[in-house]
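Just so we're clear, the structure is a prediction, and the values are computed from it rather than from any experiment. Every chain is numbered from 1, with letters handed out A, B, ... down the list of sequences.
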Amino acid sequence: MKSATDGILVLLVLTDLMLLGTSRIAALIRLAGLQGIVLGCLGLFVQADDLTLRGVLLAAGSTAIKAGVIPWLLARAMREAGASREPEPFVGYALSLLLGMALLGGSVWIGSRLSVPGPGAGSPVVPAAFFSMGAGLLLIVSRRTALSQVVGYLVLENGVYTFGVSMAREERILVELGVLLDLLVAVFVMGIAVFHIRREFDHIEVDRLSTLRDTGP
Amino acid sequence: MTVESFLPSVLALVAAPLLPGVVNRTKAFFAGRRGPPLLQAYSDLWKLLRKGAVYSRTTSWVFRAGPVAGLAAAIVAVALVPLGPVPGALSFQGDLLLLAGLLALQRFLAVIAALDTGSAFGGMGASREVAFSALTEPALLLGLAAVARETGSLSLSEMLPAVSLASWALHGPALALVAAALLVVFLAENSRIPVDDPNTHLELTMIHEVMVLEHGGPDLAFILYGASLKLWTLGALLVGLLAPGGDPVAGGIVAFAGMVGLAGITGAIESAMARLRLLDVPRLLTGAGVLSVLGLLLVRR
């Protein structure tokens with residue numbers, strides 16, 4: 001099972017890197033959905049020794065939300081906002097990839113320094129989880145459109161999920177469900193916000209909102 | 001050093017021009033054409049060698065030395081790489097750095113020869129070639145470093161045959177990443193389609209072709225032969241990583257078949273893909289570098 005989890009973590013890191021390098025929002029959403037499926041598999045493989053019905057259902061549920069509901073909501077928001085491409089991100093794509101490489105190195109360093117208790121000690125889970133969080137943060141700060149930033153939040157949460165699913169065996173369910181629900185609500189709120197931004201301003205580039213100000217007397 | 005140890009290098013020197021022929025035949029097959037004969041490259045080389053060279057009065061000795069010295073670098077590079085389990089004619093610890101250096105030297109000579117003509121096109125192609133190779137070189141070296149770490153040897157002729165089924169079982173994901181990175185390096189360095197189109201003669205998009213535009217006769221033959229040797233060298237790295245080791249004779253035959261298969265895959269990629277926009281190429285090459293880094297990190301653990 002060890003090489004299977006390794007392969008899944010490599011897939012996670014690769015999808016993160018692809019997210020950093022793509023300019024099409026539809027591709028971003030598809031990749032985020034793919035990442036949801038990958039994480040569902042991770043949830044299954046981690047508990048492969050003692051597979052319970054509850055565990056399988058939880059993995060299936062989180063996969064359904066991460067790979068089904070949220071991408072569907074985002075795709076719908078994208079269609080309504082009519083934005084298919086990221087116009088000029090703050091940080092270019094090649095530079096994003098290079099920063100991703102640096103982040104990867106930093107995550108591996110953190111992974112080697114951080115002594116985690118429990119079954120995940122010394123495994124590649126820690127670097128992969130930290131890298132996913134870092135890549136999500138990078139997406140949030142470096143992109144202009146609200147939709148790409150929502151995908152960034154998703155990736156960030158996926159990192160937390162990776163950490164949780166491999167480190168905590170039992171308590172993770174509570175933690176996970178809480179985070180996932182928060183996220184679902186956040187995506188709802190942002191979907192509505194994107195829709196409103198779009199209706200008021202005809203675009204969803206959030207950096208232009210900062211130029212708004214009261215023109216008082 | 002025995003006579004047999006020269007066999008892979010001699011085979012490479014003889015059979016390298018076959019690979020572009022295989023690529024072109026595959027492309028013709030996909031397009032529904034008959035295509036040029038498999039041995040077309042040999043005929044081209046023979047035709048060019050019998051011609052006289054024409055030199056512009058604005059060029060200096062650099063322009064004349066470029067093709068010859070570049071071919072010499074390519075020949076030494078070919079001697080360094082093993083063919084499957086058969087070691088190359090030259091090998092010592094750390095020869096992977098020499099290989100990268102020789103490939104860089106070959107490129108540098110082509111670049112200064114292109115700049116020496118003083119034409120606008122040559123300079124443009126030279127600038128692009130250098131810009132892209134600055135990104136492929138880290139990908140190549142880091143990928144080889146990952147293989148070196150995995151096999152515990154710094155010599156190409158030891159480390160590539162040492163990659164066996166067991167190491168694939170142990171570090172499969174890492175080696176697959178390195179192989180993917182090496183494939184991108186192979187396509188980019190040989191000016192193949194996602195990066196450069198060897199058939200196009202539209203100045204705005206050319207990279208390699210535009211650099212060698214001013215050469216003619218034997219000089220062009222040297223450049224074409226050097227390019228097919230480079231195709232062989234980088235292809236042998238990839239095939240050496242993927243091919244299982246084993247008996248020298250059988251493994252060598254399998255590796256040669258792998259080289260021909262790789263040329264066929266290149267032709268298939270060229271038929272199925274469009275050339276990337278010039279501005280998107282750095283993203284692809286950076287991606288290859290990232291794959292190499294990831295492979296290295298995975299092996300290091």
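- The minimum heavy-atom distance linking B/R283 with A/T22 is given by the pair NH1-CA, 4.0 Å.
- Of the candidates A/L9, A/I8, A/V10, B/P173 forms a side-chain contact (heavy atoms from CB on, under 4.5 Å) with just one, namely A/V10.
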#### Entry: Steps toward side-chain contact (heavy atoms from CB on, under 4.5 Å) verdict (A/L14, B/L291)
CA-CA 8 Å; A/L14 282 183; B/L291 292 184; 3.4 Å; yes

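- Both the backbone and the side chain of A/L97 have a heavy atom closer than 4.5 Å to some heavy atom of chain B.
- Looking at A/L95 and B/T286, their side chains never come closer than 4.5 Å, going by heavy atoms from C-beta outward.
- The part of B/V293 that comes within reach of chain A is its side chain, from C-beta onward, which places non-hydrogen atoms under 4.5 angstrom from that chain.
- Of the two parts of B/L285, neither the backbone nor the side chain holds a non-hydrogen atom closer than 4.5 Å to a non-hydrogen atom of chain A.
- Atom-to-atom distance recorded for A/F131:CZ and B/L297:CG is 10.5 Å, nearest 0.5 angstrom.
- Counted within 6.0 Å of OH on A/Y93, heavy atoms from surrounding residues, nucleotides or ligands total more than 12; the atom is thus considered enclosed.
- The neighbour count for A/M101 CE, taken as heavy atoms of other residues, nucleotides or ligands under 6.0 Å away, is above 12.
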